[in-house]
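Just follow the structure's listing: the first ligand is 1, and inside any ligand the first atom is 1. What's counted below: heavy atoms across the whole structure, side chains too, no hydrogens, waters or symmetry copies.
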Amino acid sequence: MTLPVSSMISVEEARERILAFFSRLPVERKPLLEALGQVLAEDVVAPFDIPPLDNTSMDGYAVRFDDTAGASEAQPRVLRVTADLAAGYILDTPVGPGEAVRIMTGAPIPPGADAIVPFEETDEPLRGLNEAAIRTSAVRIFKAAEAGANIRYRAEDVRHGQTVVHAGRLVRPSEIGVFASIGLTHVPVYRRPVVAILSTGDEITEPGDQLLPGRIYDANAHSIAAMVTKYGGIPHLLGIARDTVEALTTKIHEALDADMLVTSAGVSRGDFDVVKDVLAREGAIDFWTVRMKPGKPLAFGAFMAPNGRRVPHLGLPGNPVSSMVSFELFGRPAIFTMLGRADWQRATIRAISRDRVVNTDGRRFYARCIVTRDADGKYFADLTGPQGSGILTSMSAANALTIIPEDQASAEPGDEIDVMMLDWEQ
Ligand code: AMP
Ligand code: MG
């Protein structure tokens with residue numbers, strides 16, 4: 001790569017070039033809960049049937065169904081209660097003709113029984129729950145049971161040897177439940193990427209430190225770190241590097257174990273060359289102008305760590321909205337790719353713009369907007385207000401970005417436009 005290359009490229013081309021540097025990371029074994037949001041690396045196979053035994057889906061009485069034939073409230077069938085069976089216990093004594101076993105949801109069906117009569121269809125609600133009475137007394141059945149009624153059969157969910165979750169599946173709460181149900185404590189997943197994050201600029205101040213005149217607090221490192229966490233990576237905050245060769249070089253060298261280095265600021269044309277010089281000297285980097293707004297300048301390359309590792313390096317613009325939107329479009333797909341996820345494309349829907357959106361400079365306009373749905377199910381987009389790339393509160397107000405094409409000079413109120421959903425809460 002050479003420095004600087006300032007051809008205008010599309011968002012898609014920039015993303016393609018970037019993603020070519022990434023692949024999924026090695027496999028690690030993680031405790032179930034920590035694997036949430038990672039991708040399963042191997043098929044998970046059931047080591048036994050689920051349920052492991054036929055069992056009852058209701059609290060009731062285990063009976064022989066033909067003993068209940070013709071039962072009604074007027075003419076109940078009376079059965080002798082021989083035992084009381086809780087979930088977690090097995091009864092080996094068969095249920096004989098004229099007998100019933102009081103049984104709780106989840107308890108295995110005793111031999112001989114072929115139906116469960118729920119409490120509601122017996123005189124149970126009328127009987128005292130005195131234990132001695134339950135054991136000795138008879139139960140009156142008010143309704144005939146069908147064969148198999150209220151029985152959950154062995155293996156009706158999962159058969160021994162069956163793949164319950166396939167490799168490549170995103171681990172969500174339901175997958176974690178399935179893993180636990182077959183007794184697993186750990187699962188193999190692709191490792192989470194460690195993303196080193198560095199802010200650059202003499203004016204940037206760490207929140208908590210005193211703000212000197214002319215200085216600003218570091219928004220970018222924190223918004224980017226939060227996105228890294230949200231998208232499944234592990235942020236490693238390197239802090240702030242002053243615009244000097246030494247400061248930048250030292251800080252960048254702290255990224256040597258990261259899977260990706262993300263810097264912000266110092267990539268636009270007016271910037272002091274020191275940032276660009278250092279980025280180029282420490283590896284190879286391209287400086288692009290991407291046909292998008294906000295976030296036209298972007299740098300991408302690989303930083304050569306002192307230990308010989310090549311660390312992909314994404315250089316974001318300094319303006320807080322530009323850096324967030326650029327990370328959304330380029331950093332998020334990179335994180336997903338390292339996690340083994342192919343689903344990095346955001347949901348895009350059509351919405352009716354309620355504002356005029358002007359887009360005269362031939363770039364794709366990702367304006368911050370609020371998408372809402374009316375009672376008829378129609379989606380509307382309202383701009384958040386001023387769209388300057390330094391107005392970070394516009395990101396905070398938004399739940400979506402408009403996608404006004406490069407060659408479309410404006411969208412009028414009432415026009416349908418594409419919007420990319422950031423937070424899909426409806
Ligand atoms: P630059 O890319 O260095 O030209 O920066 C563009 C704008 O972004 C300038 O107004 C910077 O002060 C601002 N900026 C740069 N880095 C940060 C940061 N980490 N947090 C907030 N604003 C920043
Ligand atoms: Mg700067």
Original post:
In terms of the angle between their ring planes, are Phe300 and Phe22 parallel, tilted or perpendicular, with boundaries placed at 30° and 60°?
Top reply: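 Geometry flag for Phe22 against Phe300: tilted rings.
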**OP:** Would you give the length of the straight line joining atom CZ of Phe48 to atom OG of Ser181, rounded to the nearest 0.5 angstrom?
**Re:**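 Atom-to-atom, Phe48:CZ and Ser181:OG are 7.0 Å apart.
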Original post:
In terms of side-chain heavy atoms, does Tyr190 have a donor or acceptor partner in Glu28 at a distance below 3.5 Å?
Top reply: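 Tyr190 vs Glu28: no donor-acceptor pair found between side chains.
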Original post:
Quick check: are there more than 12 heavy atoms from other residues, nucleotides or ligands sitting under 6.0 Å from CZ of Arg309?
Top reply: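 More than 12 within 6.0 Å, yes.
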When you measure from [atom] to every protein heavy atom, which one gives the shortest distance, and what is it?
{"atom": "atom 22 (N) of ligand 1", "value": "Ile216 CD1, 3.3 Å"}
{"atom": "atom 10 (O) of ligand 1", "value": "Asn319 OD1, 4.1 Å"}
{"atom": "atom 19 (N) of ligand 1", "value": "Asp218 OD1, 2.8 Å"}
{"atom": "atom 18 (C) of ligand 1", "value": "Asn220 ND2, 3.2 Å"}
{"atom": "atom 2 (O) of ligand 1", "value": "Gly318 N, 3.2 Å"}
{"atom": "atom 3 (O) of ligand 1", "value": "Asp271 OD1, 3.1 Å"}
{"atom": "atom 12 (O) of ligand 1", "value": "Glu203 OE2, 2.6 Å"}

Proximal ligand 1 atoms for [X], defined as those under 4.0 Å from one of its heavy atoms:
{"X": "Tyr217", "value": "20 (N), 21 (C)"}
{"X": "Gly266", "value": "1 (P), 2 (O), 3 (O)"}
{"X": "Ser199", "value": "19 (N)"}

Original post:
Can you tell me if Ala219 has a non-hydrogen atom under 4.0 Å from ligand 1?
Top reply: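 Yes, Ala219 has a heavy atom closer than 4.0 Å to ligand 1.
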Hey, are [X] and [Y] close enough for a salt bridge, meaning a charged N less than 4.0 Å from a carboxylate O?
{"X": "Arg346", "Y": "Glu328", "result": "yes"}
{"X": "Glu12", "Y": "Arg364", "result": "yes"}
{"X": "Asp376", "Y": "Lys378", "result": "no"}

Original post:
Tyr366 and Val325: which non-hydrogen atoms are nearest, and at how many Å?
Top reply: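 Result for this residue pair: CB-CG1, 4.3 Å.
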Subject >> Structural part of Pro320 in contact with ligand 1, heavy atom criterion under 4.0 angstrom >> reply: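 Side chain only.
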